[in-house]
Asks: 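Mind having a look at this structure? Questions to follow.
Worth saying up front: this structure is predicted, and the values here are computed from it rather than measured.
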Amino acid sequence: MSTYDRMAGRGTRLLNRYYAWRARSQPAATGFVSQPEPRTIGSYARGRQLVAGNLLFAGYLVESPDTGLWEVAAPDAAFDAERHGFAWLDDLAAVGDFKARLKAQKWVWGWIAQHGRGSGLAWLPDLTGRRVIRWINHALFLLSGKEKDETEAFYGSLAQQTWYLAQRWQGAAPGLPRFEALCGLIYAGLSLQGREELADPAVKALAAECDSQIDEQGGLPTRNPEELLEVFTLLTWAAAALHEAGRMVPPAHIAAIERIAPTLRTLRHSDGGLARFHGGGRGLEGRLDHSLAASHVAERHADGLAMGFARLSARRTSVIVDASAPPKGKASYNGHASTLAFELTSGRRPLVVNCGSGESFGVEWRRAGRATPSHSTLCIEGHSSARLSAPQKTTGHEELIEAPDDVPLDIMDLSDGFRFQGGHNGYAAHFGLTHARTLDLSFDGRALAGEDMLLALEDAAKARFDKASSSNPDGGVSFDIRLHLHPEVDATLDLGGAAVSMALKSGEIWVFRHDGACHLRLEPSVFLEKTRLKPRAAKQIVLSGRAMGYATRVRWTLSKAQETAIAVRDLNRDEPETFD
């Protein structure tokens with residue numbers, strides 16, 4: 001279920017409406033303190049689609065070449081929230097031609113006419129903050145050629161939204177929504193003439209949020225890499241705005257940026273995209289590199305975990321492992337049962353992935369994407385290592401419960417590579433088994449050796465395993481080790497079923513082999529991307545077996561067999577001098 005499928009309670013809605021109504025009596029701003037510079041990055045391709053009237057929001061496509069944006073009936077609340085957030089303005093500005101400007105102007109002044117008086121989802125604090133940032137970023141683009149009365153309407157609406165944010169930012173949920181509300185308030189307060197006093201309380205509040213929401217590892221409670229990137233981007237924007245206004249950035253604000261930057265570098269694959277865990281995607285193209293450069297933080301993360309993830313990398317190969325328990329409580333609303341799952345990218349080509357978040361494709365896809373079988377790890381009898389609670393009455397969200405609470409791990413250097421070792425007890429309560437995983441990456445990045453073990457370690461665990469085993473006519477407990485492949489990987493099961501060959505578009509050939517104790521097959525899979533209209537077809541390697549005793553071990557390898565001259569031209573942009 002989408003974050004915006006259910007709005008806040010009746011009391012919160014009434015407060016939002018009341019302050020939005022009061023905002024209409026606020027005096028209009030007279031202009032900007034200085035000429036705004038666009039900080040947000042848009043997609044030229046998506047901008048062209050918007051100019052053509054193809055509205056793609058939250059996984060829904062509505063064709064509307066002639067109708068205004070606000071006359072379109074929203075398929076659901078997520079679609080409505082995305083258009084009210086105005087991130088699409090970045091895409092139209094990326095096109096930047098006359099038609100794109102006319103479309104942007106029509107939709108902005110259309111919003112002022114239809115929603116500027118304040119009511120409903122459009123005036124949620126986080127969406128208001130997101131919208132205000134875009135209006136200021138692209139003000140010159142929007143105001144070009146506008147008459148005096150239209151310009152005054154624009155400044156008047158900006159002033160009203162800024163005052164509203166000053167009163168209602170506390171109504172945004174902790175985490176990304178509150179960061180959006182506060183950063184929008186700071187940005188507007190510093191940019192609009194006569195609104196500087198509204199920024200001061202927001203600067204202090206943002207510093208407090210940095211202390212409470214950004215942990216020592218530079219992560220968020222949600223453990224969502226893409227959400228962390230969005231927060232980081234907002235913090236760098238706010239810091240830049242404060243610097244340009246000649247103001248001091250609070251130490252807590254600076255410290256949060258310095259903690260997050262090395263964590264994002266750890267969570268970045270060799271192709272520049274983020275690891276896709278806990279509801280997050282790869283991140284908007286170019287956003288991560290741009291934000292890291294703007295932060296002026298060059299440090300990399302020390303050995304160990306970054307927001308609960310471990311990284312192994314060698315030359316052009318990166319492996320990122322979910323090495324901690326899933327997020328808890330409200331932070332788990334978009335969390336996945338993905339403990340010990342990993343992703344592998346070779347150069348600029350993803351190979352092993354997780355299915356991703358199905359949020360934009362409806363409730364069933366959202367639930368499926370959160371389950372353990374949708375991740376590249378081991379699952380027992382189709383069960384997840386964490387269970388979803390019943391939907392909350394007020395929000396409709398489900399928390400992750402019965403999740404692993406003991407996740408020991410060790411990361412070490414070997415004589416010929418790097419090793420990750422971890423385990424979790426997510427299956428102990430029902431099957432008495434602990435899952436332990438070892439991953440060894442060679443120094444040249446050409447081979448990943450894996451070992452998965454299922455262990456019943458104590459007498460109570462052995463008793464639970466015996467009970468689960470005796471209830472099955474075949475005896476033992478079945479398990480599957482799944483490796484989901486990127487849609488652009490061409491996978492073939494070799495004759496005899498002893499190995500799987502995988503061809504990447506770079507020309508590389510990777511081969512999966514196992515120790516022969518399990519049954520190997522290729523099955524259909526999906527790749528879930530929120531920018532797509534429907535899930536993409538993909539394949540997955542499935543290695544199936546049965547745990548018949550208190551200790552079961554399966555060994556497998558992923559190794560690079562061949563690469564062509566094409567691969568030389570497909571070098572990692574972070575290491576252009578490296579040849580494999």
Asks: Please identify each residue that fulfils ring pair (Phe, Tyr, Trp, His ring centres under 6.0 Å) with F309, with sequence neighbours left out.
Replies: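 If we apply the ring pair (Phe, Tyr, Trp, His ring centres under 6.0 Å) test to F309, skipping adjacent residues, the hits are F277.
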Asks: Quick test of your reading: applying salt bridge (Lys or Arg N to Asp or Glu O under 4.0 Å), list the pairs with at least one residue in residues 226-245, sequence neighbours left out, ordered by first then second residue.
Replies: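 Residue pairs passing salt bridge (Lys or Arg N to Asp or Glu O under 4.0 Å), neighbours aside: R39-E244, E226-K530, E230-R287.
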Asks: Listed by chain and number, what are the ring pair (Phe, Tyr, Trp, His ring centres under 6.0 Å) partners of W169, not counting sequence neighbours?
Replies: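 For W169 there are no ring pair (Phe, Tyr, Trp, His ring centres under 6.0 Å) partners, ignoring immediate neighbours.
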Asks: For E150, which residues count as a side-chain hydrogen bond (donor to acceptor under 3.5 Å, both in side chains) partner, sequence neighbours excluded?
Replies: K146
Asks: Mind checking ring pair (Phe, Tyr, Trp, His ring centres under 6.0 Å) for F141 and listing every partner two or more places apart, or none if nothing turns up?
Replies: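 Counting only residues at least two positions away or on another chain, F141 forms no ring pair (Phe, Tyr, Trp, His ring centres under 6.0 Å).
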Asks: So, using side-chain hydrogen bond (donor to acceptor under 3.5 Å, both in side chains) as the criterion, who are the partners of N224 when residues are at least two apart?
Replies: none
Asks: Residues two or more places apart in sequence or in another chain: which of them pass side-chain contact (heavy atoms from CB on, under 4.5 Å) with A172?
Replies: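 Listed in chain order: P125, P177, R178, A181.
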Asks: Can you name the residues that form a side-chain contact (heavy atoms from CB on, under 4.5 Å) with A122, not counting sequence neighbours?
Replies: H84, W111, H115
Asks: For E364, which residues count as a side-chain contact (heavy atoms from CB on, under 4.5 Å) partner, sequence neighbours excluded?
Replies: none
Asks: For R134, what residues pass the side-chain hydrogen bond (donor to acceptor under 3.5 Å, both in side chains) criterion, not counting sequence neighbours?
Replies: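 R134 satisfies side-chain hydrogen bond (donor to acceptor under 3.5 Å, both in side chains) with D90 only.
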Asks: Under the side chain to side chain donor-acceptor pair (under 3.5 Å) definition, can you give me all pairs with a residue in residues 233-243, not counting sequence neighbours?
Replies: T233-S291
Asks: Residues two or more places apart in sequence or in another chain: which of them pass side-chain contact (heavy atoms from CB on, under 4.5 Å) with S64?
Replies: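 With neighbours one apart ignored, the set is L55, T67, V72.
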